Q: 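Handing you a structure now.
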2 protein chains.
Amino acid sequence: MNHSAAKPRRGRPPKSPRADQDTRAELIRSGTEVLTEQGFAASGIDSILKRVGVPKGSFYYYFSSKEVFGRAIMEHYGAYFANKLDRHLLNARLSPLHRIDAFVADAKEGMARHDFRRGCLVGNLGQEVVGLPEGYRQWLRDTLDDWQQRLARCLEEAQAAGELSRDADCGRLAEAFWIGWEGAVMRARLERSVHPMEVFIRCYLDGLPR
Amino acid sequence: MNHSAAKPRRGRPPKSPRADQDTRAELIRSGTEVLTEQGFAASGIDSILKRVGVPKGSFYYYFSSKEVFGRAIMEHYGAYFANKLDRHLLNARLSPLHRIDAFVADAKEGMARHDFRRGCLVGNLGQEVVGLPEGYRQWLRDTLDDWQQRLARCLEEAQAAGELSRDADCGRLAEAFWIGWEGAVMRARLERSVHPMEVFIRCYLDGLPR
DNA sequence: CCTTTTTATAGACGGATGGTCTATATTGCG
DNA sequence: CGCAATATAGACCATCCGTCTATAAAAAGG
């Protein structure tokens with residue numbers, strides 16, 4: 001991960017100066033880390049590059065602009081998160097409502113592991129949506145809509161399993177979950193504690209119609 | 001509010017050149033508008049000054065730094081919001097739970113009035129808390145704690161009025177409200193609609209133990 | 001009424017940072 | 001060897017925070 005270049009030279013570098021060849025993927029990973037911490041506007045290209053030892057001049061070889069770079073990060077994050085969501089919400093070894101608990105536990109662990117510095121990319125960008133490039137907003141809406149549908153299906157399974165009232169509107173309940181969840185993640189960063197996430201999920205589950 | 005100076009002149013201005021004498025207060029008001037839109041880091045002093053026609057040189061006569069300015073804005077916002085909260089939550093003409101509805105209706109109206117460009121200052125700053133000056137974080141926590149207590153008292157009144165179960169933990173319920181509420185405000189900005197706020201409050205009130 | 005002090009503004013300036021672009025050096029291939 | 005593709009260095013320009021000097025009007029004082 002650490003590339004201490006001996007001395008800066010122009011031109012294409014010698015055969016194998018960097019351990020990992022896939023610079024583009026490294027930039028996306030590094031960018032994801034920085035953007036989940038600081039959001040889009042506050043994240044400088046420089047700091048993202050420095051983390052992986054890529055010089056500034058190289059950036060526009062891999063991405064035509066910061067905006068395009070951001071989109072690549074969003075896609076990467078979307079795939080990562082959808083995968084995590086499925087891993088829990090489709091886990092047949094747990095009852096539907098317990099799958100939600102498992103997702104929450106996973107998220108709590110992730111927050112603590114990064115010392116509450118990183119939040120949810122969707123939440124971060126959502127807060128600064130006014131100043132974001134055109135198109136980002138639609139991606140954020142689509143992503144939340146996707147998450148909502150995955151959760152709604154899990155709630156429907158809960159209905160089938162008798163964990164949830166047949167009268168419940170699963171779509172609306174799933175919508176409410178993500179609305180509040182983003183608030184809980186934000187608050188957890190503020191408090192530097194998983195407590196807000198616990199309070200939210202307890203209130204949410206306790207309030208579900210049985 | 002609009003000060004179109006005929007021509008810029010140096011020196012102390014004549015007796016009443018600007019409609020409002022209190023330049024400092026105007027700066028805080030303008031700053032509040034900008035910060036509720038864009039957050040702290042993304043808000044440039046210049047753009048705040050331009051809105052009220054105050055030249056840059058004057059800024060540091062009133063505030064010693066951007067950080068101090070931000071603190072003044074937070075205090076202003078805190079007073080404004082606490083006042084709004086009391087106006088609704090202590091309104092004896094409504095039942096306790098209906099007071100919460102009234103607050104929500106007020107907030108919805110405010111969001112729509114500003115075309116969903118402005119959010120909650122606490123939510124905005126909370127999201128970028130990692131990069132904020134020292135001390136801001138504590139203010140945000142204290143402020144949310146204050147709001148929580150005001151709401152908890154209202155919920156206790158609801159218990160007394162028979163609108164809420166005697167077994168309910170009002171402190172915890174109030175905590176959960178603000179956790180989710182900040183998420184709802186954020187989402188409303190993203191969707192440019194009050195719908196998320198409606199979904200959240202309905203889910204919250206429906207889930208309260210009766 | 002004249003002088004001095006205080007108040008408040010005008011706007012340039014510097015250092016830092018951030019996004020973007022151009023020139024360039026090296027590699028790999030034919 | 002020659003040429004296109006690759007990856008880099010560093011310049012460039014805009015912006016932003018914060019500072020500084022100059023200046024003009026009001027307020028104070030005699």
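In what follows, every chain begins at residue 1, and chains take the letters A, B, ... in the order their sequences are listed. Because the structure is predicted, anything quoted here is derived from the model rather than measured.
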Q: Yes or no on side-chain contact (heavy atoms from CB on, under 4.5 Å) for B:Phe116 and A:Val130, after CA distance, side-chain angles and deciding distance?
A: CA-CA 9 Å; B:Phe116 303 98; A:Val130 175; over 6 Å; no

Q: Which part of the nucleic acid, if any, lies within reach of B:Ser43 when heavy atoms closer than 4.0 Å are counted: base, sugar-phosphate only, or nothing?
A: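 Sugar-phosphate, no base atom in range.
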
Q: Quick one: label B:Gly57 by what it contacts on the DNA or RNA (base, sugar-phosphate, nothing), any heavy atom closer than 4.0 Å.
A: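 If one applies the 4.0 Å heavy-atom cut-off, B:Gly57 turns out to touch a base.
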
Q: Between the side-chain atoms of A:Lys56 and the base atoms of C:dG19, is any donor-acceptor pair under 3.5 Å?
A: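 Yes, the side chain and the base share a sub-3.5 Å donor-acceptor pair.
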
Q: Given C:dT20, D:dG18, C:dT9, which nucleotide is nearest the side-chain atoms of B:Tyr60?
A: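 Selected nucleotide: D:dG18.
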
Q: Respond yes when some side-chain nitrogen or oxygen of B:Ser47 is under 4.0 Å from OP1 or OP2 of D:dT15, and no when none is.
A: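 Answer is no, no contact under 4.0 Å.
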
Q: Within this structure, what is the CZ-to-P distance between A:Phe59 and C:dT22, rounded to whole angstrom?
A: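 A:Phe59 atom CZ is separated from C:dT22 atom P by 17 Å.
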
Q: Roughly how many Å is it from CG in B:Asp46 to P in D:dC16, rounded to a whole number?
A: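 So the two atoms are 6 Å apart, to the nearest Å.
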
Q: Taking OH from B:Tyr62 and C1' from D:dC17, how many angstroms apart are they, rounded to a whole number?
A: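 Taking OH of B:Tyr62 and C1' of D:dC17, I get 20 Å after rounding.
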
Q: What is the distance from CG of A:Leu49 to C1' of D:dG10, rounded to the nearest Å?
A: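 From A:Leu49 CG to D:dG10 C1': 14 Å.
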
Q: Report the distance from atom CD of B:Glu67 to atom C1' of D:dC16, rounded to the nearest whole Å.
A: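 It works out to 16 Å between those atoms.
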
Q: Whole-Å distance between D:dG10 P and A:Ile45 CD1?
A: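 Rounded to whole Å, this separation is 19 Å.
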
Q: If I take atom CZ in residue A:Phe63 and atom P in nucleotide D:dT8, what distance separates them, rounded to the nearest angstrom?
A: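 Nearest whole value for this atom pair: 13 Å.
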
Q: What nucleotide, of D:dC17, C:dC21, C:dT9, holds the atom closest to the side chain of B:Tyr61?
A: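 Of the options given, the side chain of B:Tyr61 lies nearest C:dT9.
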
Q: Evaluate the ring planes of B:Trp147 and B:Tyr77, with Trp represented by its six-membered ring, and classify them as parallel (under 30°), tilted (30 to 60°) or perpendicular (over 60°).
A: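 Tilted: the ring planes of B:Trp147 and B:Tyr77 meet at 30° to 60°.
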
Q: How long is the line joining CZ of A:Arg24 and C1' of D:dA7, in whole Å?
A: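 Atom CZ in A:Arg24 sits about 15 Å away from atom C1' in D:dA7.
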
Q: Closest to the B:Ser58 side chain: D:dA7, D:dG18, C:dT9?
A: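 The closest nucleotide is C:dT9.
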
Q: Where does the angle between the aromatic ring planes of B:Trp181 and B:Phe103 fall among parallel (under 30°), tilted (30 to 60°) and perpendicular (over 60°)?
A: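 Ring orientation of B:Trp181 relative to B:Phe103: tilted.
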
Q: Classify the side-chain pair A:Asn124/A:Glu128 by whether it contains a donor and acceptor separated by less than 3.5 Å.
A: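 Note: A:Asn124 and A:Glu128 side chains miss the donor-acceptor criterion.
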
Q: Are there over 12 heavy-atom neighbours, none belonging to B:Gln138, within less than 6.0 Å of that residue's CD?
A: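 Yes - once you tally the heavy atoms of other residues, nucleotides and ligands closer than 6.0 Å, there are more than 12.
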
Q: Does the base of D:dG18 carry an N or O that pairs as donor and acceptor with the side chain of B:Lys66 under 3.5 Å?
A: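 Looking at the base of D:dG18, it does not pair with any donor or acceptor on the side chain of B:Lys66 (distance under 3.5 Å).
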
